[in-house]
Number of protein chains: 2
Amino acid sequence: MAHNATAATYTIGECARRSGFTMDTLRYYERIGLIDAVERTATGQRRFTDADLEWLGTLKCLRDTGMPVEQMARFADLVRDGDDTIPERIRLLEAHRVAVDDRMADLAAKRDYISGKIAYYRTV
Amino acid sequence: MAHNATAATYTIGECARRSGFTMDTLRYYERIGLIDAVERTATGQRRFTDADLEWLGTLKCLRDTGMPVEQMARFADLVRDGDDTIPERIRLLEAHRVAVDDRMADLAAKRDYISGKIAYYRTV
DNA sequence: GTTTGCGTTGGAGTCCACTCCAAGTCCTAG
DNA sequence: CTAGGACTTGGAGTGGACTCCAACGCAAAC
């Protein structure tokens, strides 16, 4: 058997600190199935693993780029359903990337409008 | 007296179409003071002017770049209070531009993460 | 001159994504 | 061994920004 050097686990508080979600949000995400049932101690406290944290990193990325929770749940389902769903996952992520690109282009244009407004105010 | 060639007015439906807000949102914005009381016909129907539309364009830009309604209301108040408030308006818009820039940088980074994820899935 | 549809109001309802609460248990530092 | 902080639950509450509703009045096309 391999020597398991890094089996770190984290309390929900520590996980919140590391993931950028609040404890409440972590519990909420577990409740609605965005994250699989987290390991528990004998007394019922959650212990998050590095794998959980990595998945949370993906969720954070999707969430912060504006993906609705419902679509993230769909993605989570695909991940749960194994490698057969990889083409669909790619489709989902590509669609999302397009949405993000569109959003960035829109922001850039509107940023310029704001800059123009500022420049105009400076002439008054 | 000058010849007034363009005194176009628009119904709320037309204004919605042109501004990109819904009729309900336009009424809501008027109610909360984001837009000044709109002109009315004798029978009480709203008639938006080109000036209204221009202001709505500014609001759309601010809103779509994530400015909270409350801060837009603050900006609207400044505009109402005359030219003395221009330095403050500049400060407000500059702060907002920084926020937009930050948001774009964050989106760009996270877009790359998503791209990496897609690339990875393609290797599986 | 009537039908079809656009407009009016105040107020209630919706949606999303959390966020908070109370009452209790568990952990750990001293 | 005890004090204080971290964790548990189910369920209720929040905040922001709309969005919808009913019951009605007005408009304009034929």
Side-chain angles (χ1 to χ4, degrees), chain A residues 8-49 52-53 56 58-77 96 99 103 106 110, chain B residues 8-49 52-53 56 58-77 96 99 103 106 110:
Chain A
T9 62
Y10 313 98
T11 64
I12 193 168
E14 179 66 10
C15 183
R17 224 184 41 68
R18 288 180 185 241
S19 68
F21 292 113
T22 66
M23 295 192 303
D24 273 322
T25 298
L26 291 172
R27 287 190 278 252
Y28 167 65
Y29 279 6
E30 185 181 5
R31 195 145 32 92
I32 66 175
L34 265 187
I35 51 188
D36 288 332
V38 177
E39 276 181 51
R40 304 292 186 120
T41 64
T43 54
Q45 291 199 358
R46 291 176 183 79
R47 287 296 179 270
F48 291 80
T49 64
D52 289 329
L53 269 175
L56 285 169
T58 300
L59 290 184
K60 192 92 177 63
C61 172
L62 295 178
R63 191 70 202 82
D64 285 354
T65 49
M67 184 181 283
V69 163
E70 196 174 325
Q71 202 178 336
M72 295 198 306
R74 166 102 186 102
F75 185 66
D77 287 345
H96 183 57
R103 179 104 191 77
D106 192 52
K110 279 165 178 158
Chain B
T9 63
Y10 312 98
T11 64
I12 193 168
E14 179 66 10
C15 183
R17 221 183 43 67
R18 289 181 183 242
S19 68
F21 292 113
T22 66
M23 295 192 304
D24 271 322
T25 299
L26 290 173
R27 293 190 197 103
Y28 167 64
Y29 279 6
E30 184 181 5
R31 195 145 32 91
I32 66 173
L34 265 187
I35 50 187
D36 287 333
V38 177
E39 276 181 51
R40 304 293 184 119
T41 64
T43 56
Q45 291 199 357
R46 290 175 183 81
R47 287 297 180 267
F48 291 80
T49 64
D52 289 328
L53 269 175
L56 285 169
T58 299
L59 290 184
K60 193 93 178 61
C61 171
L62 296 178
R63 192 69 202 83
D64 286 354
T65 48
M67 183 181 284
V69 162
E70 196 174 325
Q71 201 178 339
M72 296 200 304
R74 164 101 186 104
F75 185 66
D77 286 345
H96 183 57
R103 180 104 190 77
D106 191 52
K110 279 166 178 157

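Labels below follow one simple rule: chain letters A, B, ... track the order of the sequence lines, proteins then strands, and each chain is numbered from 1.
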Selection from [options] that lies nearest to any side-chain heavy atom of [X]:
X: A/Tyr28; options: D/dT9, C/dC26, C/dA17; answer: C/dA17
X: B/Pro68; options: D/dA17, D/dG25, D/dT9; answer: D/dA17
X: A/Thr25; options: C/dG7, C/dT8, C/dT19; answer: C/dT19
X: A/Met23; options: D/dC7, D/dC26, C/dA17; answer: D/dC7

Whole angstrom value for the distance that separates [atom2] of [N] from [atom1] of [X]:
X: B/Asp64; N: D/dC18; atom1: CG; atom2: C1'; answer: 14 Å
X: B/Asp24; N: C/dG11; atom1: CG; atom2: P; answer: 16 Å
X: B/Tyr29; N: D/dG16; atom1: OH; atom2: C1'; answer: 11 Å
X: A/Glu70; N: C/dC16; atom1: CD; atom2: C1'; answer: 10 Å
X: B/Glu30; N: C/dG10; atom1: CD; atom2: C1'; answer: 14 Å
X: A/Glu14; N: C/dT28; atom1: CD; atom2: P; answer: 13 Å
X: A/Leu26; N: C/dC18; atom1: CG; atom2: P; answer: 11 Å
X: B/Ile12; N: D/dG25; atom1: CD1; atom2: P; answer: 19 Å

*Determine which pairs satisfy ring pair (Phe, Tyr, Trp, His ring centres under 6.0 Å) with at least one residue from residues 11-35 of chain B, sequence neighbours left out, and list them in order.*
B/Phe21-B/Tyr29
_Spacing of CG belonging to A/Leu34 relative to CD belonging to A/Glu70, to within rounding of 0.5 Å_ = 10.5 Å
*Hey, which sits more toward the 5' end of DNA chain C by its nearest nucleotide, A/Met72 or B/Arg31?*
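By nearest-heavy-atom nucleotide position, the 5'-most residue is B/Arg31.
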Would you indicate, yes or no, if [N] has its OP1 or OP2 atom less than 4.0 angstrom from a side-chain nitrogen or oxygen of [X]?
X: B/Arg63; N: D/dA17; answer: yes
X: B/Thr43; N: D/dA27; answer: yes
X: A/Arg40; N: D/dT9; answer: yes

*Between B/Ile12, B/Thr25, B/Asp52, B/Leu56, which is the residue that forms a side chain to side chain contact (heavy atoms under 4.5 Å, CB included) with B/Ser19?*
B/Leu56
*asked:* When the axes are fitted on five pairs at both termini, how much does the helix from C/dG1-D/dC30 to C/dG30-D/dC1 curve, in 10° steps?
replied: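 For the helix from C/dG1-D/dC30 to C/dG30-D/dC1, the axes at either end differ by 20°.
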*So, are A/Arg74 and A/Asp77 salt-bridged, with charged N and O less than 4.0 Å apart?*
no
*Closest approach of A/Tyr10 to A/Cys15 (non-hydrogen atoms, all atoms of both residues)*: CB-N, 4.2 Å
*When all nucleic acid strands are considered with a 4.0 Å heavy-atom cut-off, which category describes A/Arg46: base, sugar-phosphate, or nothing?*
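Sugar-phosphate: the residue A/Arg46, judged by heavy atoms under 4.0 Å, touches backbone atoms but no base.
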_Mind checking if A/Thr11 touches a base, just sugar-phosphate, or nothing, with heavy atoms under 4.0 Å?_
sugar-phosphate
*What residue among A/Glu30, A/Glu14, A/Glu39 forms salt bridge (Lys or Arg N to Asp or Glu O under 4.0 Å) with A/Arg46?*
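That would be A/Glu30.
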*Is the shortest heavy-atom distance from the side chain of A/Arg47 to the side chain of A/Val38 under 4.5 Å?*
no
*Hey, are the side chains of B/Thr41 and B/Gln45 touching, using non-hydrogen atoms and a 4.5 Å cut-off?*
yes
*asked:* On DNA chain D, compare the nucleotides closest to B/Arg47 and B/Phe21; which residue's is nearer the 5' end?
replied: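 Nearest nucleotide further toward 5': that of B/Phe21.
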